[in-house]
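Report on one structure; see the data block that follows.
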Amino acid sequence: EVIESNNTQAVSSSCAAGGALQDVVICLDNSGSVSSFVSIEIEGAIKAIENPNIIPQDGSVRLTVTTSGRAYYYIGNGSLPEFPARVLTPESTMDLVTSMKKWKDYGGIDYLATGARNMSLYLKTLSPASSSKTVILVGDGYWEGGGTATLSRVAETVANGVNRIDLIGVGNYTMPQLLDNAWPKPANTPGGGNVSVARSSGEIAGAMAQSLGNAVRLTDLSVGGLRIEDAGQGRPVSLLARVGNGGRMSLASTLRFY
């Protein structure tokens, strides 16, 4: 399209591609061993969620927030997450953050590995299906005895379609078990699940920002290779450029030259 106004030409081109929905579950340990840290877990999660530079609010992310207690009882009594899955927009994010700031459900159970498995089953009930599924676990890692029990739950979670499990250790955490719960393995390697530790809401927000950055594949458009072709007096100038994307599939985008 060539638009001429006051001897200035603007040439624009549109290119559209289908955007892919991504599921993220944040599961907070609210068992007795981390009771003094539950409030900063919630505060850290709020700080990360409300920042659009950390997790986009453009409809590309569907977020679920739950405690270990609700996640564990999801199968047994049909208990839904405290904050069931919602597609993040500026309006839905504001509603979620407002509700989380009033949230004070601190009594739970430490079976977070089973909770992660149960949330993977929950994600399978959602429509439409997402292109990627990530679970972020926050807690001390003293879950279900560790070892074989933990590893079997991780295997079940992955078999249900979860692509990534990241962990943020708080309190008197046990690093070996945090590492056992991560996926893909080995943890803390390129492409592996991320395990970090935190002791304040700010540190939790920072660690969650890193995990969310790994989970949410952001659009990363770049423009280069500008070429100008002069077709002669009285004819429009042709402007060409190459658009690249180092991130996730882009929604509709428009390129304009001025």
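This is a predicted model, so every value here is computed, not measured. Values reported hereafter were calculated over all heavy atoms of this structure, with side chains retained and with hydrogens, waters and symmetry mates removed.
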> Is V170 reachable from L212 through a run of hydrophobic residues whose side-chain heavy atoms are each under 4.5 Å from the next?
Replying inline: yes

> Are the side chains of R153 and N181 in touch, meaning some heavy atoms are under 4.5 Å apart?
Replying inline: no

> What is the minimum heavy-atom distance between P236 and A231, and which atoms define it?
Replying inline: O-CB, 3.8 Å

> If you take all heavy atoms of M119 and P81, which pair is closest and at what distance?
Replying inline: SD-CG, 3.8 Å

> Looking only at heavy atoms, what is the nearest atom pair of S68 and L112, with distance?
Replying inline: CB-CD1, 2.9 Å

>> Has N30 got a side-chain atom pairing as donor or acceptor with G69's backbone, closer than 3.5 angstrom?
In response: yes

> Can you tell me how far the CG atom of L63 sits from the CD1 atom of I55, to the nearest 0.5 Å?
Replying inline: 5.0 Å

> According to a 4.5 Å side-chain heavy-atom criterion applied to Ile, Leu, Val, Met, Phe, Trp and Tyr, with indirect links allowed, do L80 and V87 form part of one hydrophobic cluster?
Replying inline: no

> Which residue pairs pass the ring-ring contact (aromatic ring centres under 6.0 Å, His included) test with at least one member in residues 122-156, sequence neighbours excluded?
Replying inline: Y74-Y122

> Any side-chain heavy-atom pair from K133 and L126 closer than 4.5 angstrom?
Replying inline: no

> CG of N188: more than 12 outside heavy atoms within 6.0 angstrom?
Replying inline: yes

>> Within the 4.5 Å heavy-atom criterion, are L28 and W103 side-chain neighbours or not?
In response: yes

> How far apart are the closest heavy atoms of Q22 and S131, and which atoms are they?
Replying inline: CG-OG, 4.0 Å

> For T114 and E156, what are the C-alpha separation, side-chain angles and deciding distance, and is it a side-chain contact (heavy atoms from CB on, under 4.5 Å)?
Replying inline: CA-CA 9 Å; T114 295; E156 292 168 4; over 6 Å; no

>> To the closest 0.5 Å, what do you measure between CG (L239) and CZ (R256)?
In response: 14.0 Å

> Hey, are the side chains of E50 and K101 touching, using non-hydrogen atoms and a 4.5 Å cut-off?
Replying inline: yes

> Would you say the side-chain atoms of E82 and T67 include a donor-acceptor pair closer than 3.5 Å?
Replying inline: yes

> Just by distance, do the side chain of R164 and the backbone of A182 share a donor-acceptor pair under 3.5 Å?
Replying inline: no

>> Keeping Q177 on the side-chain end and G141 on the backbone end, is there a donor-acceptor pair under 3.5 Å?
In response: yes

> Roughly how far, to the nearest 0.5 Å, is CG of D23 from OG of S132?
Replying inline: 7.5 Å

> Are L96 and T93 close enough that some pair of their side-chain heavy atoms sits under 4.5 Å apart?
Replying inline: no

>> Between D95 (side chain only) and E91 (backbone N and O only), is there a donor and an acceptor less than 3.5 Å apart?
In response: no

> Are I165 and L137 side-chain neighbours, meaning at least one heavy-atom pair lies under 4.5 Å?
Replying inline: yes

>> Show the nearest heavy-atom pair for residues S120 and V162, with the distance to one decimal.
In response: CB-CG2, 3.6 Å

> With no hydrogens and no angle check, do the side chains of T89 and Q57 hold a donor and an acceptor under 3.5 Å apart?
Replying inline: no

> If two hydrophobic side chains count as joined below 4.5 Å and joins carry through other members, does V61 share a cluster with I26?
Replying inline: yes

> To the nearest 0.5 Å, what is the distance between OG1 (T64) and CZ (F83)?
Replying inline: 11.5 Å

Please output the side-chain donor-acceptor pairs of residues 196-208 that fall under 3.5 Å, not counting sequence neighbours, one pair per line with the distance.
residue, atom, partner, partner atom, Å
S200, OG, E203, N, 3.1
S201, OG, K47, NZ, 3.2
E203, OE1, R199, N, 2.6

> Do V25 and V138 sit in the same hydrophobic cluster, where Ile, Leu, Val, Met, Phe, Trp and Tyr count as joined when their side-chain heavy atoms come under 4.5 Å apart?
Replying inline: no

> Out of curiosity, does I46 fall in the hydrophobic cluster containing I168 (side-chain heavy atoms, cut-off under 4.5 Å, transitive links)?
Replying inline: yes

> Are side-chain heavy atoms of S152 and E144 found at a separation under 4.5 Å?
Replying inline: no

> Is the backbone N or O of I136 less than 3.5 Å from a side-chain atom of D166, with the two atoms forming a donor-acceptor pair by type?
Replying inline: no

> If you group Ile, Leu, Val, Met, Phe, Trp and Tyr whenever their side-chain heavy atoms sit less than 4.5 Å apart, what else falls in with I109?
Replying inline: Y72, Y73, Y111

> Are any of the side-chain heavy atoms of Y173 and L178 separated by less than 4.5 Å?
Replying inline: yes

> When rounded to the nearest 0.5 angstrom, what distance separates CG in L226 from CZ in R242?
Replying inline: 14.0 Å

>> If you count heavy atoms of other groups shown closer than 6.0 angstrom to CE of M175, is the number above 12?
In response: yes

>> If you compare all heavy atoms of D180 against all heavy atoms of V154, which two are closest, and at what distance to 0.1 Å?
In response: O-CG2, 3.8 Å

> Under 3.5 Å, is there a donor-acceptor pair between the D140 and S33 side chains?
Replying inline: yes

